[in-house]
2 protein chains.
Amino acid sequence: MTQKLTILDIAKLSGVGKSTVSRVLTNDPKVKPETREKVEQVIRDSGYVPSKSAQAMRGGSAKVVGIILSRLDSPSENKAVSGILEVIYQAGYDAVIMESQFSTEKTNEHLAVLQKRNVDGVIVFGFSGCDLTAIESLKHKAVVIAVDTDRISSVGYDNHGIIELAMNHFLHQGKRFVSYVGVDPSDKTTGLMRLNAYKECCQQAGIEPCYQTGQLSHESAYQLTDDVVQPETQAIVCASDTLAMGVAKRLQELGRSDIQVSGVGATDLLSFIFPNTFSIDPGYFKAGHASANLLIKQLSGQQTITHLTQQASL
Amino acid sequence: MTQKLTILDIAKLSGVGKSTVSRVLTNDPKVKPETREKVEQVIRDSGYVPSKSAQAMRGGSAKVVGIILSRLDSPSENKAVSGILEVIYQAGYDAVIMESQFSTEKTNEHLAVLQKRNVDGVIVFGFSGCDLTAIESLKHKAVVIAVDTDRISSVGYDNHGIIELAMNHFLHQGKRFVSYVGVDPSDKTTGLMRLNAYKECCQQAGIEPCYQTGQLSHESAYQLTDDVVQPETQAIVCASDTLAMGVAKRLQELGRSDIQVSGVGATDLLSFIFPNTFSIDPGYFKAGHASANLLIKQLSGQQTITHLTQQASL
DNA sequence: CTGTTAGCGCTTTCAG
DNA sequence: CTGAAAGCGCTAACAG
């Protein structure tokens with residue numbers, strides 16, 4: 001906020017031409033080290049700051065990636081965003097973040113704004129029913145998270161593996177009566193895929209499935225609990241930590257401290273409050289890393305459309 | 001991502017001069033409605049998108065505000081950011097968001113990057129021990145949240161009122177033994193100010209204070225609980241929901257369901273899990289709104305340095 | 001009201 | 001290796 005120094009000022013100050021300064025700025029190797037040193041010194045002393053706007057306009061790249069997430073206060077998404085930020089910032093990019101609020105319309109509006117801003121690429125968090133057509137036209141300049149597509153790069157969570165991990169944990173303990181509380185299958189990923197994973201695990205283990213699905217809220221899970229609790233029930237696998245919270249709460253009321261509960265999300269709060277629980281980490285943070293790395297590689301042409309699946313862990 | 005249409009193409013296509021197109025773009029009133037209509041039509045048909053980079057460079061304003069928060073996964077901060085986003089997006093600005101991770105150094109780095117990007121203004125979430133000097137030089141182009149300064153606009157939370165609200169709630173119920181669990185007073189706002197508010201409330205009500213402070217974590221509060229629980233204790237006021245969670249958990253174990261607990265943060269999870277609790281809402285979302293509105297007014301010169309205090313509510 | 005003319009600050013040929 | 005010159009796409013006087 002001091003002055004408005006331009007590249008020309010620096011050129012004069014260091015007794016070289018505009019272009020030489022520019023070369024220093026762009027790390028052009030064909031500058032005599034001596035000259036470079038001198039110019040860099042002047043830049044440092046003067047506190048000169050090259051204008052990104054001008055660079056963006058000239059060079060075409062604004063060094064910005066757009067991130068569209070559904071909600072800022074989604075714990076899973078903001079963990080992933082932290083991962084993204086870490087990577088892109090490292091690579092000299094900045095992020096402009098927008099909330100889709102689960103609306104395809106808003107998503108597209110945001111996308112339009114981002115294009116207008118000349119962003120280098122975008123990372124979009126998918127949601128159930130989101131329309132990918134607009135994103136697909138971005139081809140290698142986009143990566144989507146948590147949703148299926150062939151036509152564009154994606155980083156998905158291993159919904160099957162997540163549930164399998166929880167199931168196996170219980171199965172290995174010799175438990176045979178494991179119920180499930182999930183969300184409505186109209187939600188492709190958290191709903192349908194995780195439910196199916198549960199069913200398959202049951203089949204493979206030869207145990208009788210017992211499950212209920214509803215909304216993604218504590219209250220919903222709380223209410224559903226009674227329907228999946230039998231006298232013999234030994235554990236309940238939940239599609240998310242939020243759900244697990246509701247289930248554990250209800251179990252506590254029912255005095256069923258014998259029933260173990262698992263959730264998804266790696267919330268430390270869950271096991272803090274309810275001792276008899278654990279949470280599977282779908283790897284949100286790492287997925288953020290992965291998607292950002294993928295995008296950056298694609299932008300530099302080192303990589304084409306790819307599909308990654310984030311491994312879950314306990 | 002279709003073509004690279006420029007203002008000149010639009011000019012030719014609609015048979016007018018560059019500047020007329022520019023005037024249409026900038027909503028300059030001195031354009032014949034007829035002409036404007038024609039140009040707008042062409043713009044729409046061609047799918048032309050003006051380059052923000054060029055506009056930013058020329059006009060000086062990139063229509064971007066920078067937001068520096070401490071952590072993306074801080075519930076209070078991301079509620080506030082949602083509020084900010086709503087307002088600035090409405091006003092045609094976009095946001096580039098960065099995490100300071102409670103480091104003054106990172107904050108300053110981010111600030112530098114934002115300046116380089118020619119952002120119109122910044123909103124910074126303060127943290128204990130953050131250094132405001134760099135921000136102060138931004139004068140009317142900055143607003144800080146949750147921290148004290150005279151030299152720059154700020155939106156603060158009513159730390160005193162927050163605790164007072166909780167205390168009064170209990171006092172009105174005739175309770176006389178109200179303890180407090182907070183965070184270390186080395187933290188100015190959440191620590192010191194809230195603790196002082198508690199002490200003052202006690203004094204005014206003529207009751208004996210009983211409190212402990214520690215870290216801002218469930219565990220810390222959990223461990224501190226025993227120290228503030230006496231046989232006669234009727235309620236415990238906590239400096240945050242996180243703390244309240246730890247306290248309520250410990251009380252549950254102690255079988256003290258008679259003790260009411262209050263937190264700060266409006267987390268629905270708290271009262272869902274522990275019935276005998278309630279939470280004060282410091283007004284995070286509204287503070288976001290307020291700070292964004294303030295910044296925008298300042299940027300347009302309609303407002304000078306101002307200090308706002310967000311009212312809390314139950 | 002509208003076209004013409006300058007640049008904004010920077011990168012990039014193109015000649016030295 | 002380095003300077004001069006030509007724009008990038010747009011806005012803002014300046015003349016019509």
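Predicted model only: the values in this text are computed from it and were never measured. Chain A is the first sequence line, chain B the second, and so forth, proteins listed ahead of strands; every chain is numbered from 1. All values below come from the heavy atoms of this structure, side chains included, with hydrogens, waters and symmetry mates left out.
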Quickly work out the A:Ile43 CD1 to C:dG9 C1' distance and round it to whole Å. 14 Å
Against the side chain of A:Lys30, the closest entry in C:dC10, C:dG3, D:dT2 is D:dT2
Side-chain contact check for A:Lys18: nearest option of C:dC10, D:dT11, D:dG3 is C:dC10
Applying a 4.0 Å non-hydrogen cut-off, can you work out what B:Thr26 is touching in the nucleic acid: base, sugar-phosphate, or nothing? sugar-phosphate
Would you say A:Thr20 reaches D:dG3's phosphate, i.e. side-chain N/O to OP1/OP2 under 4.0 Å? yes
side-chain contact (heavy atoms from CB on, under 4.5 Å) with A:Ile68: of A:Glu109, A:His110, A:Glu99, only one passes, and it is A:His110
A:Tyr93 six-ring face occupied by A:Lys63 cation (under 6.0 Å, within 45°): yes
Does a nitrogen or oxygen in the side chain of B:Thr35 sit under 4.0 Å from OP1 or OP2 of C:dT2? yes
B:Arg58 side chain, from C-beta outward: closest of C:dG9, C:dC8, D:dT2: C:dC8
Count the heavy atoms of every other residue, nucleotide or ligand shown that sit under 6.0 Å from CZ of B:Arg36, and state whether that count exceeds 12. yes
If only side-chain N and O atoms of B:Ser51 are considered, is one of them under 4.0 Å from the OP1 or OP2 phosphate oxygen of D:dG9? no
Any N or O donor-acceptor pair linking the side chain of B:Ser19 to the base of C:dG3 at under 3.5 Å? yes
Between C:dG7 atom P and A:Met57 atom CE, what is the distance in whole Å? 15 Å
Among C:dC1, D:dA13, C:dC10, which is the nearest nucleotide to the side chain of B:Pro33? C:dC1
Could you give the CG-to-C1' distance, from A:Leu8 to C:dC8, as a whole number of Å? 12 Å
Using a heavy-atom cut-off of under 4.0 Å over every strand shown, decide if A:Val21 touches base, sugar-phosphate, or nothing. nothing
Counting only side-chain N and O atoms of B:Thr6, is one of them less than 4.0 Å from OP1 or OP2 of D:dG9? no
Salt bridge flag under 4.0 Å for residues A:Asp94 and B:Arg117: yes
Please state whether the phosphate of D:dG9, meaning OP1 or OP2, lies under 4.0 angstrom from any side-chain nitrogen or oxygen of B:Gln55. no
